[in-house]
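What follows is a single structure, written as structure tokens, with notes after it.
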Number of protein chains: 2
Amino acid sequence: MGREAVVEAAASLADEKGLEAVTLSGLASELGIRTPSLYNHVAGLGGLRRELALMGVRELGHRLSRAAAGKAADEGIFGLARAYRGFVKERPGLYAATVRSYRLSHPDDPELAQAEGQAFEPVLAVLASYGLFGQEAVHAARGLRSVAHGFATLEVAGGFGIALDPEESFVRLLEAFAAGLRDQRR
Amino acid sequence: MGREAVVEAAASLADEKGLEAVTLSGLASELGIRTPSLYNHVAGLGGLRRELALMGVRELGHRLSRAAAGKAADEGIFGLARAYRGFVKERPGLYAATVRSYRLSHPDDPELAQAEGQAFEPVLAVLASYGLFGQEAVHAARGLRSVAHGFATLEVAGGFGIALDPEESFVRLLEAFAAGLRDQRR
DNA sequence: ACTATAAACTAATTATATTAGTACTGTCAA
DNA sequence: TTGACAGTACTAATATAATTAGTTTATAGT
């Protein structure tokens, strides 16, 4: 069966029924095997969550890289933010795994740190094309991530009760953020 | 003992050990009683989560009201955002309860909807003083909430790996957002 | 053919949520 | 004052989940 397949099945389960639904029993029955058999592939529930976090961060990194390729300034920022939001909406469970649970208990997992570093690169590249470097760029990157993460997670959590086009809200938020960045650079 | 005390104990537990640590067993042993006794106060784990969500939204609403009182425009936006972030940092478990788990499964709990409406009011008031009304205001409110929620949740999740002052990052993000709003109004 | 490994299994233990039914304790009305 | 009732705790029992230990089976490599 292979670890890859097990983790991918767990990710699908997370996307469909929420990260809380990713139990070893649930996953095992999804795969048509018994719960203890999963221990041949992952180190228990904790290990599975680590695998999910890793897979999620890597996938996010790939998407950000693709989105940033060949784009500069506002176009780059919009591309990154759309890719981020797209990932959260398409794979909400896998994305949740990149933020929740595992991260806090293991703040310095080297593999995870490396994957996060890679996901960070395209963001820095876009910000550089924008004229931001060093600490300036880190502040801006935190801002961009906050905006994308905040909007997307509230959206998938059903936090925007009122029936007003979220797409429009997102574009306006990005425009405001980008305009503010331009302002600050002066 | 009273329901109030039980829910408050659960909130403290959530803040100290994370929302995942809020189990009926854990809460019962915290309170020095047996697990089934909790059913005299809340409707099981699901009911407890609902109470937590309600308490969290109400508390957030109060803080936002206080923060917005007597402030207009940028000062109001900064006040709201600081209050939001302060709440997330001081009561991370209680805040998490307002976003996670209960919300999605019961999208139209009337009491929760009412509490959310109340928490929304001070935001609309500040945005009005800012010259934004109707749909404009809703878009802006979503943006502001995304910014505050995004930044604060990433911060408490340990998402800002690098040791660079988060306060500075937050101020810059708010300045960018506020500047962008001013831009858009023209 | 022999062996090592991968990947499944059963059995048993522990933790948690839940339900059902019971006991104690105070308050308040007759 | 007494008796009923509400409130709050309890024990006992059941179901689901995670985990560990130890076992089986098929297959690929020597």
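A note on names: the letters A, B, ... follow the listed sequences, proteins ahead of strands, and every chain is numbered from 1. Remember, it's a predicted structure, so these values are computed and weren't measured experimentally.
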| said: What range of DNA chain C does chain B touch, first nucleotide to last, counting atoms under 4.0 Å from its heavy atoms? | reply: C/dT16 to C/dT19

| query | Could you state the CG-P distance from B/Leu38 to D/dT11, rounded to the nearest angstrom? | reply | 14 Å

| field | By salt bridge (Lys or Arg N to Asp or Glu O under 4.0 Å) - contacts of A/Arg50 (at least two apart) | value | A/Asp109, A/Glu111

| In whole Å, what is the span from the CG atom of A/Leu45 to the C1' atom of D/dT20? | 15 Å

| said: Counting the benzene-type ring for Trp, do B/Tyr84 and B/Tyr95 have ring centres under 6.0 Å apart? | reply: yes

| task | Enumerate the residues from residues 23-33 of chain B whose closest heavy atom to DNA chain C is under 4.0 Å, giving them by residue number; use none for an empty result. | result | B/Thr23, B/Leu24, B/Ser25

| B/Glu116: side chain to side chain donor-acceptor pair (under 3.5 Å) partners, not counting sequence neighbours | B/Arg103

| Those residues that, when tested against A/Glu121, pass salt bridge (Lys or Arg N to Asp or Glu O under 4.0 Å) (two or more places apart) | none

| query | Between A/Arg85 and A/Glu90, is the closest basic N to carboxylate O distance under 4.0 Å? | reply | no

| said: For B/Arg82, give me all partners under side chain to side chain donor-acceptor pair (under 3.5 Å), at least two apart in sequence or on another chain. | reply: B/Glu167

| said: Strictly below 4.0 Å, N to O, side chains only: are A/Lys89 and A/Glu155 in salt-bridge contact? | reply: yes

| task | Compute the centroid of each ring, for A/Phe170 and then for A/Phe78, and state whether the two points are separated by less than 6.0 Å. | result | no

